[in-house]
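Some notes on the structure that comes next.
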Amino acid sequence: MAYEKELDAAKKAASLAARLCQKVQKALLQSDVQSKSDKSPVTVADYGSQAVVSLLLQRELSSEPFSLVAEEDSADLRKDGSQDILERITKLVNDTLANEDPLKPIDSALSTEDLLRAIDCGTSEGGPNGRHWVLDPIDGTKGFLRGDQYAVALGLLEEGKVVLGVLACPNLPLASIAGDNNKDSSSSSSSEEKGCLFYATIGSGTYMQPLDSKTDPVKVHVSSVENPEDASFFESFEGAHSLHDLSSSIANKLGVKAPPVRIDSQAKYGALSRGDGAIYLRFPHKGYREKIWDHVAGAIVVTEAGGIVTDAGGKALDFSKGKYLDLDTGIIVANEKLMPLLLKAVRDSIAEQEKEASSL
């Protein structure tokens, strides 16, 4: 299989980073003292996750030039007053790596300087040439802080094209969340198994397996719904992240009857790839620029499962321009049958909103 070595490394790196994030989230949720407005847990997990992925990929693929486009750099950790949090992150990463394989001793513990260097491997700009790994170490930070959905999202670009994607979604139930319109998609019964690993390589389909087990993966496919009245759609949990009123207008034009399923992070792409819903709508507020790490892994996971991912004008997403996506208004996802209807509803709804705005 093409990219077999890279896929094995990516799955290992994302799974280990997810384990680190789970440990931090568990401590956060168990702490009575921890204020939800305190961003230190997400800081620790974000940097720790990025360091783990950076170190694992370099170790597993040591013979290749390494380029990582990622969300974090070490600038804030190098400032005065950051020593305590830097030491916490270093200890967490060392503990995570030591527990990766208890029978295989690591050569030596990382120093804080080693950790900072690993984080700063993520400062590549990407672009149309060569190979670039693309990482969001915690996609869905607000979901992470709430104890809800988040993902470790890792993709690989080759000559500007996405060729591989891995989504580690620690809180996503293994069973379908179709019709789960609760405010909290991780609040289902505690007996329900959670933790999904989705992965795809170009031309090979999309697979899902439990995050914490060696169970054989299953091939997944997007919903085959053809009638939009039978479709359900995903959108961002946070109203600040997406124009919910525009999504509602589009859903009305399509005749969608089910209320939206609102969850954080690229877990939406994973859920969509296995048919939990049929449509994903993302319309950021004016002036927001989409970053490639928010969509690289999710886009290939959906497209290899038979879906289509475009901007609001129907153009394929272009990940070759560096850290940002140049988009027409937003991002839409659906299967082949629904996409023409969806594009028309999007176009009509946007035109109506623009007409209303110009008449004010």
Side-chain angles (χ1 to χ4, degrees), residues 140 149 151 153 165 167 169 172-183 185 188 196 198-200 205-208 218-237 241-284 294-295 297-317 327-350:
Q149 298 302 329
L167 289 176
C169 307
L172 190 68
L174 287 166
S176 172
I177 59 167
D180 179 3
N181 304 113
N182 300 327
K183 285 288 183 189
S185 53
S188 40
C196 300
F198 297 91
Y199 60 89
T206 298
Y207 294 82
M208 182 189 84
V218 295
K219 196 168 188 176
V220 295
H221 202 275
V222 296
S223 166
S224 57
V225 166
E226 296 183 24
N227 184 347
E229 287 189 15
D230 301 327
S232 61
F233 72 93
F234 291 110
E235 63 180 354
S236 299
F237 185 95
H241 294 169
S242 194
L243 298 170
H244 286 172
D245 57 340
L246 179 55
S247 298
S248 177
S249 168
I250 293 162
N252 287 338
K253 286 191 185 305
L254 285 169
V256 173
K257 292 179 176 158
V261 179
R262 290 176 177 160
I263 63 174
D264 301 278
S265 84
Q266 287 176 73
K268 290 186 284 291
Y269 280 113
L272 203 77
S273 76
R274 67 183 186 190
D276 290 11
I279 295 168
Y280 168 31
L281 303 172
R282 179 178 171 94
F283 295 99
D294 286 327
H295 301 284
I300 190 170
V301 161
V302 165
T303 54
E304 283 296 319
I308 299 174
V309 183
T310 74
D311 69 11
K315 284 194 222 150
L317 304 187
L327 290 177
D328 180 345
T329 310
I331 292 174
I332 59 176
V333 185
N335 64 28
E336 285 185 30
K337 296 285 189 185
L338 289 173
M339 186 54 91
L341 298 169
L342 177 57
L343 275 167
K344 183 178 186 312
V346 168
R347 194 165 50 242
D348 291 349
S349 293
I350 290 173

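What you see is a predicted model; the values in this text were computed from it and never measured.
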Interatomic spacing from [atom1] in [X] to [atom2] in [Y] - rounded to 0.5 Å:
X: Ile177; Y: Ile263; atom1: CD1; atom2: CD1; result: 4.0 Å
X: Ser224; Y: Glu336; atom1: OG; atom2: CD; result: 12.0 Å
X: Ile332; Y: Leu342; atom1: CD1; atom2: CG; result: 4.0 Å
X: Arg347; Y: Leu343; atom1: CZ; atom2: CG; result: 6.5 Å
X: Ile350; Y: Phe283; atom1: CD1; atom2: CZ; result: 5.0 Å
X: Thr303; Y: Ile308; atom1: OG1; atom2: CD1; result: 10.0 Å

Return yes if some donor-acceptor pair links the side-chain N/O of [X] with the main-chain N/O of [Y] below 3.5 Å, else return no.
X: Gln266; Y: Gly298; value: yes
X: Thr206; Y: Ala305; value: yes
X: Thr329; Y: Ala312; value: no
X: Ser273; Y: Gly270; value: yes
X: His244; Y: Ser236; value: yes
X: Asp276; Y: Ser176; value: no
X: Gln149; Y: Leu172; value: yes

Hey, are the side chains of [X] and [Y] touching, using non-hydrogen atoms and a 4.5 Å cut-off?
X: His295; Y: Arg282; result: yes
X: Asp348; Y: Ile250; result: no
X: Lys257; Y: Ser232; result: no
X: Ile279; Y: Leu338; result: yes

How far apart are the closest heavy atoms of [X] and [Y], and which atoms are they?
X: Ala278; Y: Ala231; result: CB-CB, 3.8 Å
X: Ala297; Y: Leu167; result: CB-CD2, 3.8 Å
X: Phe234; Y: Ala271; result: CZ-CB, 3.8 Å
X: Cys169; Y: Ala151; result: SG-CB, 4.1 Å
X: Cys196; Y: Leu174; result: SG-CD2, 3.7 Å

(request) Using the side-chain contact (heavy atoms from CB on, under 4.5 Å) rule, take Thr310 and Val333 through it: C-alpha gap first, then chi angles, then the decisive distance, then the call. (result) CA-CA 7 Å; Thr310 74; Val333 185; over 6 Å; no
(message) Is it the case that atom NZ in Lys253 sees more than 12 heavy atoms from other parts of the structure closer than 6.0 Å?
(response)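 Count over threshold, so yes.
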(message) If you take the centroid of each ring, where Trp contributes its six-membered ring, are Phe233 and Tyr280 closer together than 6.0 Å?
(response)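 No, ring centres 6.0 Å or more apart.
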(request) Compute whether any side-chain donor of one residue and acceptor of the other, for Ser247 and Glu235, lie under 3.5 angstrom apart. (result)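 Yes, side-chain donor-acceptor contact under 3.5 Å.
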(request) Please test Ser349 against Leu246 for side-chain contact (heavy atoms from CB on, under 4.5 Å), starting from the C-alpha separation and ending with a verdict. (result) CA-CA 7 Å; Ser349 293; Leu246 179 55; 3.8 Å; yes
(message) Is the ring pair Tyr207/Tyr199 parallel, tilted or perpendicular, if the boundaries are 30 and 60 degrees?
(response)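 Because their plane-to-plane angle is under 30°, the rings of Tyr207 and Tyr199 count as parallel.
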(request) Under the side-chain hydrogen bond (donor to acceptor under 3.5 Å, both in side chains) rule, collect the residues that match up with Lys219, sequence neighbours excluded. (result)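 side-chain hydrogen bond (donor to acceptor under 3.5 Å, both in side chains) check on Lys219 returns nothing, list empty.
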